[in-house]
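What's counted below: heavy atoms across the whole structure, side chains too, no hydrogens, waters or symmetry copies. For the single chain, residues carry numbers from 1 onward in sequence order.
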Amino acid sequence: MKYLDEFEKNILQSVEANEWKSKNNKDTRLKELQSYIKNEKKKAISLRLSENDIYELKKKALENSIPYQNLVQMLIHQFVTNKIKLDV
């Protein structure tokens, strides 16, 4: 079990106190990322994923009205640019 440090506790308390407001720019950010993906030079790779993970990816992509391959590209881009973190 991971315990929160003081900084994380303060953020959690702030969120729970409704001090955080959405920027409501999801559509703008999505278009920005999709534009980046379209204009970036690409190289094909092959990945083996579980059928369940592919199903869940496609479901999430459908919920956001984007192709699942674009969703994978956005996730990888955000990870390699340190916009999202992964616990390993």
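In this structure, Asn64 contributes its side chain and Ile66 its backbone to no donor-acceptor pair below 3.5 Å.
Cluster membership check: Tyr55 does not share its hydrophobic cluster with Leu47, using side-chain heavy-atom separations under 4.5 Å among Ile, Leu, Val, Met, Phe, Trp and Tyr. Put simply, Val72 and Leu49 are part of the same group of oily side chains (I, L, V, M, F, W, Y) that touch within less than 4.5 Å, one to the next. Following chains of ILVMFWY side-chain contacts shorter than 4.5 Å, one cannot reach Trp20 starting from Ile84, and the two form parts of different hydrophobic clusters.
Tyr68 and Ala61 make their closest contact through CA-CB, 3.5 Å (heavy atoms, listed as atom of the first residue, atom of the second, distance). Closest approach of Leu86 to Phe79, counting heavy atoms only: CB-CE1, 3.7 Å.
Separating the CD atom in Gln34 from the CG atom in Leu71 is a distance of 10.0 Å, to the nearest 0.5 Å. Separation of atoms NZ (Lys83) and CG (Leu75) is listed at 13.0 Å; rounding is to 0.5 Å. A distance of 11.5 Å separates OG1 in Thr81 from CD1 in Ile76, rounded to the nearest 0.5 Å.
By the 4.5 Å heavy-atom criterion applied to side chains, Arg29 and Glu32 are counted as neighbours. In this structure, the side chains of Gln13 and Asn10 come closer than 4.5 Å at one or more pairs of heavy atoms.
Among residue pairs with one or both ends in residues 44-53, those qualifying as side chain to side chain donor-acceptor pair (under 3.5 Å) are Ser50-Asp53; sequence neighbours excluded.
The salt bridge (Lys or Arg N to Asp or Glu O under 4.0 Å) test applied to Lys59 returns Glu56, not counting sequence neighbours.
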